[in-house]
Amino acid sequence: MSQIINYGSCCIDHVFQVPHFVRAGETLSSTGYAIFPGGKGLNQSIAIAEAGCAVTHVGAVGEDGRWLAELMTARGVDITHLNLTDTPTGQAILQIDPQGENAIFISGGANLAAHEHLIDAALNQATGDEIFLIQNETSGNEAAIRQAKASGLQVAFNMAPMNAAAQALPLALIDYFIINETEGEALTGKTDPTEICDAVLGQYPKSAVVLTLGQSGVLFRSAEHNLSQPAYSVEAVDTTGAGDTFTGYFLATLMKTKQVDLALQTAAAAAALSVTQPGAATSIPTLQAVHQFLATRAS
Ligand code: RIB
């Protein structure tokens, strides 16, 4: 039985190494190009599975994305409710600069197909003890949130990419907001991390907020907890997927241990390791690697 049901995107990532992000009117030669598996949903499902938590991925790929489905299975994700559609798989174009920072644009493809029947089928097998996770790269998120809540599940929303549609969702039904500073500012109008957390909790007092701050670590706030976790310093090669790695590892460790502080620490370590490797899904570390990393940082 899966502990986390992740309704999320799958993308084929076209990754270009660039001297700087392309400017308006500019044609820029890349210094490297590769295709990687990606999509915030797929990345997060793989991170959950690597962290040792049973996960069912709900979503869709086209024929061109069969290899993504095979990869998810190989990395321990249950894809019973992943649909193979006639619509091509979602695509992402990523620029990676010499500092490892990225700029991304996406085309939704099969991620925007109607998925309600798949969500229904996954929720029909749920016991109510699961977490239902979504991001903002799929269609039908309002129905998905309502379906999950009606089935008694807790809902975690990684509000990425942030836009008006994400903010128009029934956010009072969200149990965990997982956001970065930019997303937090868009959601609350605040720039100070503490004020962002205060504002989210002020508006949604029954929820918890996980606010990731890059090099400055992460804050966790709920009615019961006020925690912070520093970031681990590493040499960044490619930051793509670090947030996804964090989200997956955080929720998986929380489900397994019920310890928020341990979940934050494990997720921070996994995210740090992920930026030392290229790609998104390909850079998600194993739990063994995360434990080894934490052991070296503790001594
Ligand atoms: O979060 C990183 C992901 O965002 C990439 O894998 C890309 O597919 C986009 O969805």
Side-chain angles (χ1 to χ4, degrees), residues 6-18 21 32-50 57-62 64-65 67-69 71-72 75 77 82 87-97 99-113 115 133-139 141 156-163 165-166 178-184 186 210 212-214 218 236-251 267 270-285:
N6 181 17
Y7 170 48
S9 59
C10 300
C11 289
I12 297 173
D13 284 1
H14 301 265
V15 181
F16 295 81
Q17 306 292 330
V18 291
F21 297 149
Y33 166 74
I35 291 179
F36 285 104
K40 295 184 196 304
L42 176 148
N43 298 337
Q44 292 179 22
S45 280
I46 289 178
I48 292 164
E50 288 292 357
H57 187 98
V58 182
V61 294
D64 56 339
W67 63 283
L68 298 179
L71 173 86
M72 280 198 274
R75 297 209 43 192
V77 178
L82 180 78
T87 311
T89 303
Q91 307 285 323
I93 306 289
L94 297 91
Q95 301 176 62
I96 310 294
D97 77 7
Q99 287 70 48
E101 295 297 332
N102 63 56
I104 307 175
F105 59 92
I106 55 175
S107 167
N111 297 318
L112 304 182
H115 297 125
L133 169 63
I134 58 166
Q135 309 78 32
N136 192 32
E137 289 185 337
T138 44
S139 58
N141 281 340
F157 186 16
N158 175 217
M159 297 186 80
M162 176 62 88
N163 58 20
I178 304 175
I179 51 178
N180 66 22
E181 238 172 331
T182 319
E183 292 151 3
V210 185
T212 60
L213 303 167
V218 55
V237 170
D238 181 352
T239 57
T240 313
D244 299 331
T245 304
F246 181 93
T247 297
Y249 260 88
F250 172 76
L251 291 175
L273 275 176
S274 78
V275 307
T276 64
Q277 303 295 325
T282 48
S283 71
I284 296 167

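In what follows, every heavy atom counts, from backbone to side chain, and hydrogens, waters and symmetry copies are set aside. Note that ligands are numbered from 1 as they come in the structure, with each ligand's atoms numbered from 1 the same way. Remember, predicted model here, so these are calculated numbers, not experimental data.
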Would you mind running through ligand 1 and noting each atom that sits below 4.0 Å from a heavy atom of [X]?
X: Ala280; value: 6 (O)
X: Cys11; value: 8 (O)
X: Ala92; value: 7 (C), 8 (O)
X: Gly38; value: 6 (O), 8 (O)

Quick test: of every protein heavy atom, which one is nearest to [atom], and how far off is it to 0.1 Å?
atom: atom 7 (C) of ligand 1; result: Asp13 OD1, 3.4 Å
atom: atom 1 (O) of ligand 1; result: Asp244 OD2, 2.7 Å
atom: atom 4 (O) of ligand 1; result: Lys40 NZ, 3.1 Å

Heavy-atom donor-acceptor pair, Tyr249 side chain to Pro285 backbone, under 3.5 Å: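 Yes, because the side chain of Tyr249 sits within donor-acceptor range (under 3.5 Å) of the backbone of Pro285.
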
Asn6 side-chain N/O to Gly41 backbone N/O, donor-acceptor pair under 3.5 Å: yes

Using atom types as modelled, flag every donor-acceptor pair under 3.5 Å from a side chain in residues 270-281 to any protein atom, sequence neighbours excluded.
| residue | atom | partner | partner atom | Å |
| --- | --- | --- | --- | --- |
| Ser274 | OG | Ala271 | O | 2.7 |
| Thr276 | OG1 | Leu273 | O | 2.6 |

Side chain to side chain, Ser283 and Thr240, heavy atoms closer than 4.5 Å: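 No, their side chains stay 4.5 Å or more apart.
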
Short N or O distance, Glu137 and ligand 1, threshold 3.5 Å exclusive: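 Checking ligand 1 against Glu137, an N or O pair does fall under 3.5 Å apart.
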
Sub-4.0 Å heavy-atom contact, Gly39 with ligand 1: yes

Heavy-atom pair with the smallest gap, counting every atom of Leu112 and Glu137: CD2-O, 4.1 Å

Location of contacts on Asn43 toward ligand 1, heavy atoms closer than 4.0 Å: side chain

Partners passing salt bridge (charged side-chain N to carboxylate O under 4.0 Å, His left out) against Glu50 (at least two apart in sequence or in another chain): Arg75

Exercise: do Asp238 and Gln17 side chains pair donor with acceptor under 3.5 Å: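 Gln17 and Asp238 do not have a side-chain donor-acceptor pair below 3.5 Å.
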
